[in-house]
2 protein chains.
Amino acid sequence: MKSNSLPQQDNGHPMYHLTRNQQAVLDVLHQQPHPLSAQELYGMMRQQQAIGLATVYRALETLKLHGLIRSRTGTNGESLYSPVLTDQHYLTCLQCGQSFPLDHCPVQELKAPLQHPIPFKIYYHTLEFFGLCEPCTHQVE
Amino acid sequence: MKSNSLPQQDNGHPMYHLTRNQQAVLDVLHQQPHPLSAQELYGMMRQQQAIGLATVYRALETLKLHGLIRSRTGTNGESLYSPVLTDQHYLTCLQCGQSFPLDHCPVQELKAPLQHPIPFKIYYHTLEFFGLCEPCTHQVE
DNA sequence: GAGTGAACGATAATCATTCTCATTGTACTC
DNA sequence: GAGTACAATGAGAATGATTATCGTTCACTC
């Protein structure tokens, strides 16, 4: 990244100059209704333009560090990326790995949500419930 | 696992017969003040007894499916395991990867915490805030 | 004590992610 | 416009946690 004047956006986050590829990755994530893995992203972008896998990972890393996208680890271990727009929370089954999105975020309603002594710049949060979905309760003994 | 009578514990979870190794893994996790990775667990147990890495992973999988331990993915991608006793929530820095535990769980105070249409047996939940810790805010441009 | 199936250990295989390095692109200066 | 500096890129190798395989051992039942 080159030197730049770092103008402030109205949301308070500094606005950085994104490279063409970083912007392309962000665009694809915005167009998708569901979180994507890096590999899926790579496969999709490959069809549109020449891009390397390492570049996809580097772009995701940069976007994440600047609070533009969030990542979440799926049950199979791979990271799933999505834009930081709305809260996304899940019920995740430990057996089959399915995640059921929750449309309501209880954390928003907290009166005193974040009392912590550590100076910290919060970009987003995740709330996830783990257990067994109904079909899987019958399979685990 | 052999056939057994599946007596109920007072917490409502069925109590299964654990193998010696599964019990040993659970014991080590109970003795540790911090979550452990499977590799760390393997290294520690290796010093006490002969055990295979695959067995450690298998034991963790079984314990997790029965709601006895929780797992959480660290910033380096490896899973960290700890007993399901208390809530554990974190502030996690996207830059340096450090996690700062929160001693207070706001989710407990919610009036109507879980209104979801899906029948689901919840073992535990995770609440994690992501962003930048103070030192790292200076490094990310 | 024999039979049966789960649990085990060692090791190979898998696969997402990261690293390396030579090349290319992009400002910025003169 | 040429030259320079450095970030960004792509291809492919390397890493490392996790999972699969397979022959052996253990625990329980009859």
Side-chain angles (χ1 to χ4, degrees), chain A residues 1-7 16-26 28 35-66 69 71-81 94-97 139-141, chain B residues 1-6 16-26 28 35-66 68-69 71-81 94-97 139-141:
Chain A
M1 234 154 283
K2 283 294 166 56
S3 63
N4 55 41
S5 56
L6 298 184
Y16 299 93
H17 172 258
L18 297 179
T19 68
R20 194 189 339 252
N21 283 326
Q22 288 164 358
Q23 188 63 56
V25 166
L26 187 56
V28 172
L36 289 180
S37 69
Q39 303 285 342
E40 288 171 331
L41 207 43
Y42 174 61
M44 291 178 62
M45 297 190 69
R46 256 295 165 95
Q47 301 177 347
Q48 305 297 328
Q49 59 174 297
I51 190 172
L53 178 59
T55 301
V56 172
Y57 276 102
R58 279 187 286 238
L60 289 170
E61 178 67 15
T62 299
L63 293 171
K64 191 167 63 170
L65 274 182
H66 291 82
I69 63 172
S71 74
R72 163 177 167 264
T73 306
T75 43
N76 60 358
E78 70 181 356
S79 296
L80 302 174
Y81 300 88
L94 296 167
Q95 166 77 14
C96 66
Q139 293 180 34
V140 180
E141 286 201 341
Chain B
M1 232 153 282
K2 282 294 166 55
S3 63
N4 56 40
S5 56
L6 299 185
Y16 300 93
H17 171 259
L18 297 179
T19 68
R20 193 187 342 249
N21 282 327
Q22 288 165 0
Q23 187 63 55
V25 166
L26 186 55
V28 173
L36 290 179
S37 69
Q39 303 285 342
E40 287 171 331
L41 206 44
Y42 174 63
M44 292 178 61
M45 298 189 68
R46 256 289 164 101
Q47 301 177 347
Q48 305 295 328
Q49 59 174 298
I51 190 172
L53 177 60
T55 301
V56 172
Y57 275 102
R58 278 186 286 239
L60 290 170
E61 179 66 15
T62 298
L63 294 171
K64 192 167 64 169
L65 273 182
H66 291 83
L68 297 173
I69 62 172
S71 74
R72 165 179 165 264
T73 306
T75 42
N76 59 358
E78 70 182 356
S79 295
L80 302 174
Y81 299 88
L94 296 167
Q95 166 78 12
C96 66
Q139 292 179 35
V140 180
E141 286 200 341

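Every chain is numbered from 1, with letters handed out A, B, ... down the list of sequences.
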Closest approach to the side chain of [X], judged atom by atom: which nucleotide of [options] is it?
X     : options               : result
A/E78 : D/dT9, D/dA11, C/dA16 : C/dA16
B/R46 : C/dT17, C/dG9, C/dA10 : C/dA10
A/R58 : C/dC21, C/dG9, D/dA17 : C/dC21

Separation of [N] [atom2] from [X] [atom1] (nearest whole Å):
X     : N      : atom1 : atom2 : value
B/L41 : D/dA17 : CG    : C1'   : 14 Å
A/N76 : D/dA20 : CG    : P     : 12 Å
A/H17 : C/dC28 : NE2   : C1'   : 14 Å
B/L53 : C/dA13 : CG    : C1'   : 14 Å
A/E40 : C/dC15 : CD    : P     : 15 Å
B/E61 : C/dA7  : CD    : C1'   : 15 Å
A/L60 : C/dT18 : CG    : P     : 10 Å
A/Q23 : C/dG25 : CD    : P     : 20 Å

CD on A/Q49 to CZ on A/R20, rounded to 0.5 Å: 8.5 Å
Pair A/T55, A/Q22 - check side-chain contact (heavy atoms from CB on, under 4.5 Å), show working. CA-CA 8 Å; A/T55 301; A/Q22 288 164 358; over 6 Å; no
Would you say [X] reaches [N]'s phosphate, i.e. side-chain N/O to OP1/OP2 under 4.0 Å?
X     : N      : result
B/Y57 : D/dT18 : yes
B/T55 : C/dA7  : no
B/N21 : C/dC8  : yes
A/T19 : D/dT9  : yes

If each of B/T75 and B/Y42 is mapped to the nucleotide of DNA chain C with the nearest heavy atom, which maps nearer the 5' terminus, i.e. the 5' end? B/Y42
Check the pair A/N21 / A/R58 against side-chain contact (heavy atoms from CB on, under 4.5 Å), numbers first and verdict last. CA-CA 10 Å; A/N21 283 326; A/R58 279 187 286 238; over 6 Å; no
Less than 4.5 Å apart, side chain to side chain, heavy atoms only: is that true for A/M44 and A/L36?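 SC-SC contact between A/M44 and A/L36 confirmed.
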Could you go through the side-chain contact (heavy atoms from CB on, under 4.5 Å) check for B/L18 and B/L68 one step at a time? CA-CA 11 Å; B/L18 297 179; B/L68 297 173; 4.2 Å; yes
So does A/R20 reach the base of C/dG25 with its side chain, donor to acceptor, closer than 3.5 Å?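 Side chain to base: no pair below 3.5 Å.
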Base, sugar-phosphate or nothing for A/S79? Non-hydrogen atoms, less than 4.0 Å.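 Since only primed, P, OP1 and OP2 atoms lie under 4.0 Å of A/S79, the category is sugar-phosphate.
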